[in-house]
Amino acid sequence: MAEPQKIFAVHYNYVPGLSDQRDVHRAAHREFLVSLGSAMVAAGAYVDDPAAALLLVKAEDSGSVLDLLDGDPFKHHGLIASTDVHEWSCAVGDRAAAIRGDGA
(Lines give C-alpha, C1' and ligand atoms only; values in the text may rest on other atoms or scores of the structure.)
Protein backbone atom coordinates (compact mmCIF):
# COMPACT_ATOMS: atom_id res chain seq x y z
CA MET A 1 0.00 0.00 0.00
CA ALA A 2 1.37 3.44 -0.97
CA GLU A 3 2.24 5.80 1.85
CA PRO A 4 -0.24 8.70 2.06
CA GLN A 5 1.08 12.02 0.84
CA LYS A 6 1.89 14.70 3.35
CA ILE A 7 -0.55 17.52 3.97
CA PHE A 8 0.57 21.12 3.88
CA ALA A 9 -1.16 24.20 5.25
CA VAL A 10 -0.63 27.08 2.87
CA HIS A 11 -1.29 30.61 4.04
CA TYR A 12 -1.84 33.21 1.32
CA ASN A 13 -1.54 36.88 2.26
CA TYR A 14 -3.10 39.04 -0.42
CA VAL A 15 -1.75 42.37 -1.59
CA PRO A 16 -3.62 45.10 0.35
CA GLY A 17 -6.11 47.22 -1.54
CA LEU A 18 -6.66 44.83 -4.43
CA SER A 19 -9.87 43.12 -3.31
CA ASP A 20 -11.63 44.38 -6.45
CA GLN A 21 -9.00 42.60 -8.58
CA ARG A 22 -9.45 39.41 -6.56
CA ASP A 23 -13.17 39.64 -7.33
CA VAL A 24 -12.37 39.87 -11.07
CA HIS A 25 -10.13 36.78 -10.99
CA ARG A 26 -11.88 34.74 -8.27
CA ALA A 27 -13.71 32.38 -10.66
CA ALA A 28 -10.48 31.52 -12.49
CA HIS A 29 -8.67 31.11 -9.15
CA ARG A 30 -11.31 28.69 -7.88
CA GLU A 31 -11.38 26.80 -11.18
CA PHE A 32 -7.60 26.42 -10.93
CA LEU A 33 -7.82 25.10 -7.36
CA VAL A 34 -10.50 22.59 -8.40
CA SER A 35 -8.27 21.48 -11.29
CA LEU A 36 -5.68 20.28 -8.75
CA GLY A 37 -8.00 17.36 -7.99
CA SER A 38 -7.23 15.28 -4.94
CA ALA A 39 -4.11 17.35 -4.18
CA MET A 40 -6.44 20.18 -3.10
CA VAL A 41 -7.94 19.11 0.22
CA ALA A 42 -9.70 22.39 1.02
CA ALA A 43 -9.30 26.11 0.50
CA GLY A 44 -10.96 29.36 1.48
CA ALA A 45 -10.47 32.91 2.68
CA TYR A 46 -10.62 33.71 6.37
CA VAL A 47 -14.00 35.18 7.29
CA ASP A 48 -12.48 37.57 9.84
CA ASP A 49 -9.54 38.50 7.55
CA PRO A 50 -10.50 38.35 3.87
CA ALA A 51 -7.00 39.60 2.99
CA ALA A 52 -5.69 36.10 3.73
CA ALA A 53 -6.62 32.50 2.95
CA LEU A 54 -5.84 28.96 4.02
CA LEU A 55 -5.30 26.09 1.60
CA LEU A 56 -4.73 22.46 2.57
CA VAL A 57 -2.71 20.68 -0.08
CA LYS A 58 -1.44 17.10 -0.42
CA ALA A 59 2.07 16.79 -1.83
CA GLU A 60 5.41 15.10 -1.28
CA ASP A 61 7.21 18.22 -0.03
CA SER A 62 6.88 22.00 0.27
CA GLY A 63 8.61 22.55 -3.08
CA SER A 64 5.98 20.41 -4.77
CA VAL A 65 3.26 22.50 -3.11
CA LEU A 66 4.76 25.69 -4.53
CA ASP A 67 5.05 24.04 -7.95
CA LEU A 68 1.37 23.01 -7.79
CA LEU A 69 0.26 26.52 -6.89
CA ASP A 70 2.47 28.22 -9.47
CA GLY A 71 -0.39 28.30 -11.97
CA ASP A 72 -2.79 30.14 -9.65
CA PRO A 73 -4.35 33.09 -11.51
CA PHE A 74 -4.13 35.14 -8.29
CA LYS A 75 -0.35 34.67 -8.44
CA HIS A 76 -0.12 35.52 -12.14
CA HIS A 77 -2.07 38.74 -11.59
CA GLY A 78 0.15 39.82 -8.68
CA LEU A 79 -2.54 39.47 -6.01
CA ILE A 80 -0.58 37.32 -3.55
CA ALA A 81 1.87 39.21 -1.34
CA SER A 82 3.28 36.11 0.35
CA THR A 83 2.82 32.37 0.54
CA ASP A 84 3.74 30.45 3.69
CA VAL A 85 3.87 26.65 3.50
CA HIS A 86 3.97 24.37 6.56
CA GLU A 87 3.69 20.61 6.76
CA TRP A 88 0.57 19.91 8.79
CA SER A 89 -0.28 16.96 10.99
CA CYS A 90 -3.96 16.09 10.65
CA ALA A 91 -4.12 14.15 13.89
CA VAL A 92 -7.63 14.37 15.31
CA GLY A 93 -11.18 14.81 14.04
CA ASP A 94 -14.11 12.98 12.52
CA ARG A 95 -12.54 13.19 9.04
CA ALA A 96 -8.84 13.09 9.99
CA ALA A 97 -8.15 9.62 8.54
CA ALA A 98 -9.95 10.46 5.29
CA ILE A 99 -8.08 13.76 4.97
CA ARG A 100 -4.77 11.99 5.57
CA GLY A 101 -5.73 9.41 2.96
CA ASP A 102 -5.31 6.39 5.20
CA GLY A 103 -8.94 5.47 5.80
CA ALA A 104 -12.55 6.32 5.13
Side-chain angles (χ1 to χ4, degrees):
M1 179 160 87
E3 183 177 321
Q5 288 186 312
K6 298 173 185 173
I7 300 173
F8 293 85
V10 179
H11 182 84
Y12 273 177
N13 285 301
Y14 298 122
V15 175
L18 294 181
S19 62
D20 59 329
Q21 287 300 304
R22 286 197 316 270
D23 291 344
V24 168
H25 300 289
R26 182 168 285 114
H29 163 72
R30 287 182 176 170
E31 184 176 309
F32 167 77
L33 295 178
V34 168
S35 79
L36 297 177
S38 63
M40 177 53 56
V41 176
Y46 294 111
V47 173
D48 63 345
D49 182 7
L54 174 67
L55 297 79
L56 297 177
V57 180
K58 288 185 180 180
E60 292 301 320
D61 54 48
S62 60
S64 297
V65 172
L66 293 173
D67 288 346
L68 278 171
L69 297 176
D70 192 51
D72 191 334
F74 276 7
K75 179 179 179 182
H76 287 278
H77 291 285
L79 303 175
I80 300 172
S82 65
T83 303
D84 301 312
V85 179
H86 301 275
E87 187 174 349
W88 180 60
S89 172
C90 183
V92 178
D94 290 347
R95 307 265 309 133
I99 290 169
R100 288 190 308 265
D102 59 8

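Reckoned from all heavy atoms, side chains included, excluding hydrogens, waters and symmetry mates. Quick note: residue numbers are just sequence positions, from 1.
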Quiz item: In terms of hydrophobic clustering (I, L, V, M, F, W, Y; side-chain heavy atoms under 4.5 Å; direct or indirect links), are Leu33 and Leu66 co-clustered?
Solution: yes
Quiz item: Under a single-linkage definition using a 4.5 Å side-chain heavy-atom cutoff for Ile, Leu, Val, Met, Phe, Trp and Tyr, are Leu56 and Val85 assigned to the same hydrophobic cluster?
Solution: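 Different clusters: Leu56 never reaches Val85 through Ile, Leu, Val, Met, Phe, Trp or Tyr contacts under 4.5 Å.
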Quiz item: Quick check: does any side chain N or O of Lys58 sit under 3.5 Å from a backbone N or O of Ile99, one acting as donor and the other as acceptor?
Solution: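 Such a contact is found between Lys58 side chain and Ile99 backbone.
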Exercise. Using modelled atom types only, decide if a donor and an acceptor are shared between the side chain of Arg100 and the backbone of Cys90 within a distance under 3.5 Å.
Key: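 Flag set: sc Arg100 to bb Cys90 pair under 3.5 Å.
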Quiz item: Is atom CZ of Arg26 surrounded by more than 12 heavy atoms (other residues, nucleotides or ligands) closer than 6.0 Å?
Solution: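 Counting neighbours around CZ of Arg26, more than 12 heavy atoms of other residues, nucleotides or ligands fall under 6.0 Å, so yes.
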Self-check item: side-chain contact (heavy atoms from CB on, under 4.5 Å) between Met40 and Val34, worked out
Solution: CA-CA 7 Å; Met40 177 53 56; Val34 168; over 6 Å; no
Rounded distance (nearest 0.5 Å) linking atom [atom1] of [X] with atom [atom2] of [Y]:
| X | Y | atom1 | atom2 | result |
| --- | --- | --- | --- | --- |
| His86 | Ile7 | NE2 | CD1 | 15.5 Å |
| Asp84 | Ser62 | CG | OG | 11.5 Å |
| Asp72 | Thr83 | CG | OG1 | 8.5 Å |
| Leu55 | Phe8 | CG | CZ | 13.5 Å |

Exercise. Examine Phe74 together with Phe32 and report whether their ring centres are nearer than 6.0 Å.
Key: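 No, too far apart.
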Is the shortest heavy-atom distance from the side chain of [X] to the side chain of [Y] under 4.5 Å?
| X | Y | value |
| --- | --- | --- |
| Tyr14 | Ile80 | yes |
| Val15 | Leu79 | no |
| Ser19 | Arg22 | yes |

Quiz item: Given Leu36 and Leu69, is the side-chain contact (heavy atoms from CB on, under 4.5 Å) satisfied, shown in steps?
Solution: CA-CA 9 Å; Leu36 297 177; Leu69 297 176; 4.0 Å; yes
Quiz item: Taking atom types as modelled, is there a side-chain donor on Ser64 or Asp67 under 3.5 Å from an acceptor on the other?
Solution: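 Their side chains do not contain a donor-acceptor pair, so the 3.5 Å distance test is not met.
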Quiz item: Salt bridge check: are Asp70 and Lys75 linked by an N-O gap of less than 4.0 Å?
Solution: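 Yes.
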Quiz item: Where does the angle between the aromatic ring planes of His11 and Tyr46 fall among parallel (under 30°), tilted (30 to 60°) and perpendicular (over 60°)?
Solution: tilted
Quiz prompt | For Asp20 against Gly17, the heavy-atom pair lying closest together | solution =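 Taking Asp20 first and Gly17 second, the nearest heavy atoms are OD1-O, 4.0 Å.
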